[in-house]
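Below is one structure, written out as structure tokens; comments come after it.
Chain letters run A, B, ... following the sequence lines, proteins first, then strands; residues in each count from 1.
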Amino acid sequence: MSNIRHALNVKREDDFAKWYQEVISAADLAEESGVRGCMVIKPWGYGIWERYQRLMDDRIKAAGIQNAYFPLFIPLANFEREADHVDGFAKEMAVVTHHRLIADGKGGLVPDPDAKLEEPLVVRPTSETIIGDAMARWVQSWRDLPLMINQWANVVRWEMRTRMFLRTSEFLWQEGHTAHATREEALEETHRALEMYRACVEDDLAMPVIAGEKPEHERFPGADETWSIEAMMQDGKALQAGTSHYLGTSFAKAAGIQYQDSEGTQQLCHTTSWGTSTRLIGGVIMTHGDDDGLRVPPRIAPHQIVILPMLRDKPEDADVLAYCEQVRKALTAEWSMGEPIRVLLDKSPGKAAAKRWEWVRKGAPVIVEVGPRDMSEGKVAVMRRDALWNLENGKTAMSFTPRDEFVSGASKLLEDIQDSLYAEARDRRDANITRGLTEWSEVAEFFRSNGKYPGWVEVQWAKPTGAALEKVVEQLKAEKLTVRNVPRDSEAADGTCIFTGEKAVERILVARAY
RNA sequence: CGGGGAGUGGCGCAGCCUGGUAGCGCACCUGUUUUGGGUACAGGGGGUCGCAAGUUCGAAUCUUGUCUCCCCGACCA
């Protein structure tokens, strides 16, 4: 409806990149910090991250993995041990070379030349090497295995081009690292982690994903296998939402992670690593955001229900507040999706209408307004953020519900919102994956002719390697396309390779990507 | 890192070409008004124009450097 007055100035369909930035500022998620590529995550954005942390951490612990913390600084020499790893990260590393500043005589400070570090330290871009060191100390016998560690930390990668949440120089993440006796066990763990991600991202963030293996040229530096979950954003681009790697024995070799087996022989461990980051918040924005701001899925919403009293500087204000407080208390005693309902009674001064739009932009799942008349009728005015508009009249859709009915139905309401956000995203994704193209020229043409939101294409290929693969990558690059992954649950190949015409061996997803 | 664009009150922008030390909308504050829904009117507060140096009697405006952001490219577990 064109007569709807949306809360944002930019619409998704007009300028998706600009819209994305506007959501971040309008929903008060984060802001620029003045330091290149680094952002300040504000309370509402951080609150969403904390919800993710809590839910993911529960899953990690339930899988028998323990949290620990390793240093931010890694000796340079550690990095030099694994050749592919060096190649992958060397060009984007922050390096610490001094440990003291002195006055430069002009009122400023400079690194003290006399305080140069013997060996430079790098700021971790990931922790395989330093955790590998620890594992080498901790593992002696087959009885010490499997060793399964996770850490929540910040990492730094000196990115050339940054975008808030999606690619920042410093970001927050969790990285899991495990060591196993055999290849089979390590592979099993690689998949278990991937499945943990799929479940958390789909069930908690309401972001449908496709799990699969990354092609050879997209592997983590040093990994034997890299698996990912890929999500489709509202502009049809793909976002790698999490990765899980089987590292083989190369990191074990580099760090000396060995165990004595039951026969008394020294064996190398097989290791894995897997990670998800604050990039997921960017995914939530681009999956669930709309032209009125963010829509936060209830499971990760810091406040699931926000109550706004309509205060007017009148004597009955106190009664309205008391009534709201009763509603708040009653809701807090209710549970939804396995946890107590999180309710905020927003008593901050200010007009109710202004506060309402603030919470709309932030994406609180349910907004409840209460005025004197609601109170006298024993009702509340309820808005669902995922169904904000009455399309008939272009006004906000509000249902005036008896208080007790609202309270007792709140649990189900939140579940419904969680489900409907997921269903909406899943349907959109499914409607935008095209299958059946059999020639490369068709694929190239498809992406050229389908405008701004072409979505993804699933095609078959012969899984080329070496020079043949390089040629394919060049072809894709010319169209700004990438191979996302080989979907784990896709059907077996039954056709020919779109690149070579040979017999195909598997199906791949091709898409533009973040 | 290469090419292009931009930084002016919280947000969005005008002013810059043709130097004379700031203005608009929204937001904010005060008052009145209105009151089932992003009310209206009046008054008001807030910015040394990213930072630094230079040219000039005088710089938001011209020059240079620098930082940050955006777009394209290269690069990116």
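- Nucleotide B/G73: paired with B/C1 (Watson-Crick or G-U wobble, both distances less than 3.5 Å).
- Of the nucleotides present, B/G20 is the one that pairs with B/C57 by Watson-Crick or G-U wobble criteria, both distances under 3.5 Å.
- Counting heavy atoms of neighbouring residues, nucleotides and ligands inside a 6.0 Å radius, atom CH2 of A/Trp158 does not exceed 12 of them.
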Between the protein and nucleotides 28-33 of chain B, list the N/O to N/O atom pairs that are separated by less than 3.5 angstrom.
none

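- Not counting sequence neighbours, the partners of A/Gln475 by the side chain to side chain contact (heavy atoms under 4.5 Å, CB included) test are A/Trp440, A/Val472, A/Phe499.
- A cation-pi geometry, defined here as NZ or CZ lying under 6.0 Å from the six-membered ring centre and within 45° of its normal, does not hold between A/Lys379 and A/Phe400.
- Of the residues in residues 215-222 of chain A, those placing a heavy atom less than 4.0 Å from an atom of RNA chain B are A/Glu218, A/Arg219, A/Phe220, A/Pro221, in numerical order.
- Note on A/Lys355: nothing from the nucleic acid sits closer than 4.0 angstrom, heavy atoms only.
- Taking the P atom of each, B/G3 and B/U66 are spaced 13 Å apart, rounded to whole Å.
- Minimum atom distance to the side chain of A/Ala353 is reached by B/U39, of the listed B/U39, B/G37, B/C75.
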Below 3.5 Å, can you tabulate the donor-acceptor pairs from side chains in residues 281-294 of chain A to any protein atom, sequence neighbours excluded?
from	atom 1	to	atom 2	distance (Å)
A/Thr287	OG1	A/Gly283	O	2.7
A/His288	NE2	A/Leu205	O	2.9
A/His288	NE2	A/Ala206	O	3.1
A/Asp290	OD1	A/Asp292	N	2.8
A/Asp290	OD1	A/Gly293	N	3.3
A/Asp290	OD1	A/Arg385	NH2	2.7
A/Asp290	OD2	A/Arg385	NH1	3.0
A/Asp291	OD1	A/Arg12	N	3.0
A/Asp291	OD1	A/Arg12	NE	3.0
A/Asp292	OD1	A/His6	ND1	2.9
A/Asp292	OD1	A/Ala7	N	2.9
A/Asp292	OD2	A/His6	ND1	3.0
A/Asp292	OD2	A/Trp389	NE1	2.7

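- Between A/Arg192 and A/Glu195 there is no salt bridge, since no side-chain nitrogen of the basic residue lies less than 4.0 Å from a carboxylate oxygen of the acidic one.
- Note on A/Pro125: nothing from the nucleic acid sits closer than 4.0 angstrom, heavy atoms only.
- Classified by interplanar angle (parallel below 30°, tilted 30° to 60°, perpendicular above 60°), the ring pair A/Trp49/A/Trp152 is perpendicular.
- One finds a salt bridge joining A/Glu325 and A/Arg328 here, because a Lys/Arg side-chain nitrogen approaches an Asp/Glu carboxylate oxygen to under 4.0 Å.
- Of all nucleotides present, none satisfies the Watson-Crick or G-U wobble test against B/U48 with each distance under 3.5 Å.
- Taking for each of A/Thr226 and A/Glu369 the nucleotide of RNA chain B with the nearest heavy atom, the 5'-most of the two is the partner of A/Glu369.
- Nucleotides B/U63 and B/G25 have their C1' atoms positioned 34 Å apart, rounded to a whole Å.
- Contacts of A/Asp374 with the nucleic acid, taken as non-hydrogen atoms under 4.0 Å apart, include base atoms.
- Comparing the C1' positions of B/G10 and B/G73 gives a spacing of 35 Å, expressed to the nearest Å.
- A distance of about 22 Å separates the C1' atoms of B/G20 and B/A53, rounded to the whole Å.
- A salt bridge links A/Lys42 with A/Asp28: at least one charged nitrogen is closer than 4.0 Å to a carboxylate oxygen.
- Across all strands shown, B/G31 forms a Watson-Crick or G-U wobble pair with B/C41, both key distances being under 3.5 Å.
- Side-chain N/O atoms of A/Asp14 and A/Trp19 include no donor and acceptor closer than 3.5 Å.
- When both distances must be under 3.5 Å, the Watson-Crick or G-U wobble mate of B/C26 is B/G10.
- A/Arg403 and A/Glu377 are not joined by a salt bridge, as no carboxylate oxygen comes within less than 4.0 angstrom of a charged side-chain nitrogen.
- Among residues two or more places apart in sequence or in another chain, the ring pair (Phe, Tyr, Trp, His ring centres under 6.0 Å) test is passed with A/His177 by none.
- Note on A/Trp389: a base of the nucleic acid sits closer than 4.0 angstrom, heavy atoms only.
- Looking at A/Asp133 and A/Arg81, a side-chain N of the basic residue comes within less than 4.0 Å of a carboxylate O on the acidic one, giving a salt bridge.
- Taking atom C1' in both B/U68 and B/A27, one finds a spacing of 25 Å when rounded to whole Å.
- Mapped onto RNA chain B by nearest heavy atom, A/Arg356 and A/Glu159 fall at different nucleotides, with A/Arg356 at the one closer to the 5' end.
- Every residue two or more places apart in sequence or in another chain was checked for a ring pair (Phe, Tyr, Trp, His ring centres under 6.0 Å) with A/Trp456, and none qualifies.
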Show each protein N/O and nucleotides 71-73 of chain B N/O combination with a separation under 3.5 Å, one pair to a line.
from	atom 1	to	atom 2	distance (Å)
B/C72	OP2	A/Arg161	NH2	2.1
B/G73	OP1	A/Lys480	NZ	2.9

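- Qualifying side chain to side chain contact (heavy atoms under 4.5 Å, CB included) partners for A/Ala17, counting only residues two or more places apart in sequence or in other chains: A/Asp15, A/Arg163.
- When the C1' atom is compared between B/G12 and B/A6, the two are found 14 Å apart, to the nearest whole Å.
- Residue contacts for A/Tyr514: at a heavy-atom cut-off of 4.0 Å it reaches no nucleic acid atom on any strand shown.
- In this structure, A/Lys362 satisfies the cation-pi test against A/Trp359, with its NZ or CZ atom closer than 6.0 Å to the six-membered ring centre and inside 45 degrees of the ring normal.
- Across B/C41 and B/A22, the matching P atoms stand 29 Å from one another, rounded to whole Å.
- With sequence neighbours excluded, no residue satisfies side chain to side chain contact (heavy atoms under 4.5 Å, CB included) with A/Gln21.
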Below 3.5 Å between N/O atoms, which protein atoms pair up with nucleotides 45-51 of chain B? Just atom names and distances, please.
none

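- Taken residue by residue, residues 30-45 of chain A places heavy atoms nearer than 4.0 Å to RNA chain B at A/Glu32, A/Gly34, A/Val35, A/Arg36, A/Gly37.
- Under the side chain to side chain contact (heavy atoms under 4.5 Å, CB included) criterion, A/Leu187 pairs with A/Arg183, A/Glu225, A/Tyr246, sequence neighbours left out.
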